[in-house]
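Written below as structure tokens is the structure these notes are about.
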Amino acid sequence: MPLHAAAATQIYTFSDVHALSQGLDKYVAKLSEEAIRRHGKFTVAISGGSLPKQLSAVLKHNQTVDFSKWIVYFADERCVPLDHEDSNYLLSKKELFDYVNIPAENIHTINPELVDDPEEAAEDYISQMTGTFATKDSVRFPVFDLILLGIGPDGHTCSLFPDHELLKENEAWCVSITDSPKPPPCRITLTFPVLNHAHNVAFVVAGEGKQDVLHHILDTAGHLPAQMVKPTTGSLSWFLDDAAAAKVTSTTQKGLERL
Ligand SMILES: O=C(O)[C@H](O)[C@@H](O)[C@H](O)[C@H](O)COP(=O)(O)O
């Protein structure tokens with residue numbers, strides 16, 4: 001698979017969700033190897049929804065990835081206990097963490113003692129990231145090796161929703177939201193400055209239910225949250241199954257590669 005971290009947008013399409021998971025396995029394994037070689041670790045932020053299952057279906061059996069060097073954050077997380085059915089941590093635990101040897105201390109969850117105080121929970125998450133990303137020089141924004149994102153039918157990503165005040169946040173690394181249109185209402189979420197400072201950002205989108213929003217995002221100029229993800233120097237990739245990509249017609253399709 002001709003993987004390269006081009007600065008441009010790269011769109012990969014797959015015949016079905018299993019092929020998409022196979023493509024993600026190769027993509028993530030390559031980025032993980034490169035990052036570990038470069039700085040001894042692989043810092044990754046994972047979204048919730050259908051992404052963890054799509055990400056992990058093949059990757060959880062990968063025997064070459066050094067998961068012991070992974071440092072995991074969540075692109076967004078619900079303000080619920082870690083054993084709650086709505087927890088993104090629990091979802092990724094069931095789909096991936098239970099199968100691979102990521103050290104528990106390297107999996108950065110929302111502080112379970114702060115789930116009833118979203119603002120405090122967001123501040124605590126920033127403190128956790130400071131521990132991971134701070135260097136001897138002051139670091140303005142954390143630089144993840146990879147951020148994995150989904151999109152909702154309304155074009156939201158993470159817990160950044162259309163027309164929400166949080167879209168304007170350009171300083172804080174993580175913020176809380178208490179009026180999420182997608183339940184549950186209280187969450188913490190990474191912000192656009194963090195998303196757009198990542199070395200690599202990949203959207204993973206599958207299913208015919210995403211056809212219209214994906215057509216809007218990739219074929220029209222606009223300001224949906226997913227359209228505001230524009231890595232300053234990093235790569236932006238789309239991993240799509242054919243069902244989701246059916247209405248994508250833009251010239252970016254020239255970047256379409258079958259993996
Ligand atoms: O915590 C969340 O709800 C997710 O992070 C959210 O941003 C998700 O990625 C989209 O809503 C897409 O969800 P689906 O992939 O399930 O459609």
Side-chain angles (χ1 to χ4, degrees), residues 14 16-18 20-21 23-24 28 44-57 72-97 107-110 115 118 121-122 125 144 146-164 166-167 169 173-192 194-196 198 201-218 224-229 236-241 243-247:
F14 302 86
D16 58 30
V17 174
H18 181 66
L20 185 148
S21 294
L24 279 170
V28 172
V44 58
I46 302 174
S47 290
S50 58
L51 187 140
K53 191 176 189 68
Q54 293 154 357
L55 167 67
S56 310
V72 177
Y73 282 82
F74 295 89
D76 62 338
E77 179 57 288
R78 293 80 179 283
C79 294
V80 295
L82 298 182
D83 61 355
H84 190 283
E85 63 178 1
D86 286 344
S87 165
N88 284 345
Y89 160 75
L90 183 63
L91 181 59
S92 283
K93 180 180 185 297
K94 287 177 179 174
E95 296 296 342
L96 181 62
F97 306 154
I107 300 174
H108 292 267
T109 70
I110 190 170
V115 294
Y125 218 51
F144 278 91
L146 174 62
I147 298 181
L148 289 160
L149 300 174
I151 57 169
D154 61 354
H156 80 260
T157 191
C158 300
S159 290
L160 300 166
F161 293 91
D163 306 317
H164 200 284
L166 293 183
L167 303 189
E169 179 58 56
W173 296 1
C174 179
V175 292
S176 61
I177 176 172
T178 57
D179 59 350
S180 167
K182 176 181 180 183
C186 294
R187 296 144 171 256
I188 60 174
T189 182
L190 298 184
T191 58
F192 283 123
V194 174
L195 303 185
N196 288 331
V201 179
F203 281 97
V204 180
V205 188
E208 61 182 16
K210 300 290 174 69
Q211 281 180 5
D212 292 333
V213 69
L214 205 51
H215 167 59
H216 182 102
I217 290 167
L218 291 179
L224 288 178
Q227 292 176 299
M228 297 168 69
V229 177
L236 175 61
S237 302
W238 292 81
F239 286 77
L240 314 174
D241 72 350
K247 293 182 179 177

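First listed ligand is number 1; within each ligand, the first listed atom is number 1. In this chain, numbering begins with 1 at the start of the sequence shown.
- Heavy atoms of other residues, nucleotides or ligands lying less than 6.0 angstrom from CG of D163 number 12 at most.
- In this structure, the side-chain contact (heavy atoms from CB on, under 4.5 Å) partners of D212, at least two apart in sequence or on a different chain, are K247.
- Scanning for salt bridge (Lys or Arg N to Asp or Glu O under 4.0 Å) contacts around K94 gives an empty result, with sequence neighbours left out.
- Between Y125 and Y73, a ring centre-to-centre spacing shorter than 6.0 Å is recorded.
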Check ligand 1 against the protein and report each N/O to N/O distance under 3.5 Å, formatted as atom name, atom name, distance.
{"unit_1": "ligand 1", "atom_1": "1 (O)", "unit_2": "D76", "atom_2": "OD1", "d": "3.4"}
{"unit_1": "ligand 1", "atom_1": "1 (O)", "unit_2": "D76", "atom_2": "OD2", "d": "3.0"}
{"unit_1": "ligand 1", "atom_1": "1 (O)", "unit_2": "R78", "atom_2": "NE", "d": "2.9"}
{"unit_1": "ligand 1", "atom_1": "1 (O)", "unit_2": "R78", "atom_2": "NH2", "d": "3.3"}
{"unit_1": "ligand 1", "atom_1": "1 (O)", "unit_2": "N88", "atom_2": "ND2", "d": "2.9"}
{"unit_1": "ligand 1", "atom_1": "1 (O)", "unit_2": "R187", "atom_2": "NH1", "d": "3.4"}
{"unit_1": "ligand 1", "atom_1": "3 (O)", "unit_2": "R78", "atom_2": "NH2", "d": "2.9"}
{"unit_1": "ligand 1", "atom_1": "3 (O)", "unit_2": "K182", "atom_2": "NZ", "d": "2.9"}
{"unit_1": "ligand 1", "atom_1": "3 (O)", "unit_2": "R187", "atom_2": "NH1", "d": "3.3"}
{"unit_1": "ligand 1", "atom_1": "5 (O)", "unit_2": "G48", "atom_2": "N", "d": "3.1"}
{"unit_1": "ligand 1", "atom_1": "5 (O)", "unit_2": "D76", "atom_2": "OD1", "d": "2.6"}
{"unit_1": "ligand 1", "atom_1": "5 (O)", "unit_2": "D76", "atom_2": "OD2", "d": "3.0"}
{"unit_1": "ligand 1", "atom_1": "7 (O)", "unit_2": "C158", "atom_2": "N", "d": "3.4"}
{"unit_1": "ligand 1", "atom_1": "7 (O)", "unit_2": "C158", "atom_2": "O", "d": "2.6"}
{"unit_1": "ligand 1", "atom_1": "11 (O)", "unit_2": "H156", "atom_2": "NE2", "d": "2.6"}
{"unit_1": "ligand 1", "atom_1": "11 (O)", "unit_2": "K182", "atom_2": "NZ", "d": "2.7"}
{"unit_1": "ligand 1", "atom_1": "15 (O)", "unit_2": "S50", "atom_2": "N", "d": "3.2"}
{"unit_1": "ligand 1", "atom_1": "15 (O)", "unit_2": "S50", "atom_2": "OG", "d": "2.6"}
{"unit_1": "ligand 1", "atom_1": "16 (O)", "unit_2": "S50", "atom_2": "N", "d": "3.0"}
{"unit_1": "ligand 1", "atom_1": "17 (O)", "unit_2": "K210", "atom_2": "NZ", "d": "2.7"}

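- Using modelled atom types and a 3.5 Å distance limit, the side chains of D154 and H156 yield a donor-acceptor pair.
- In terms of the salt bridge (Lys or Arg N to Asp or Glu O under 4.0 Å) criterion, E169 has no residue partners (sequence neighbours excluded).
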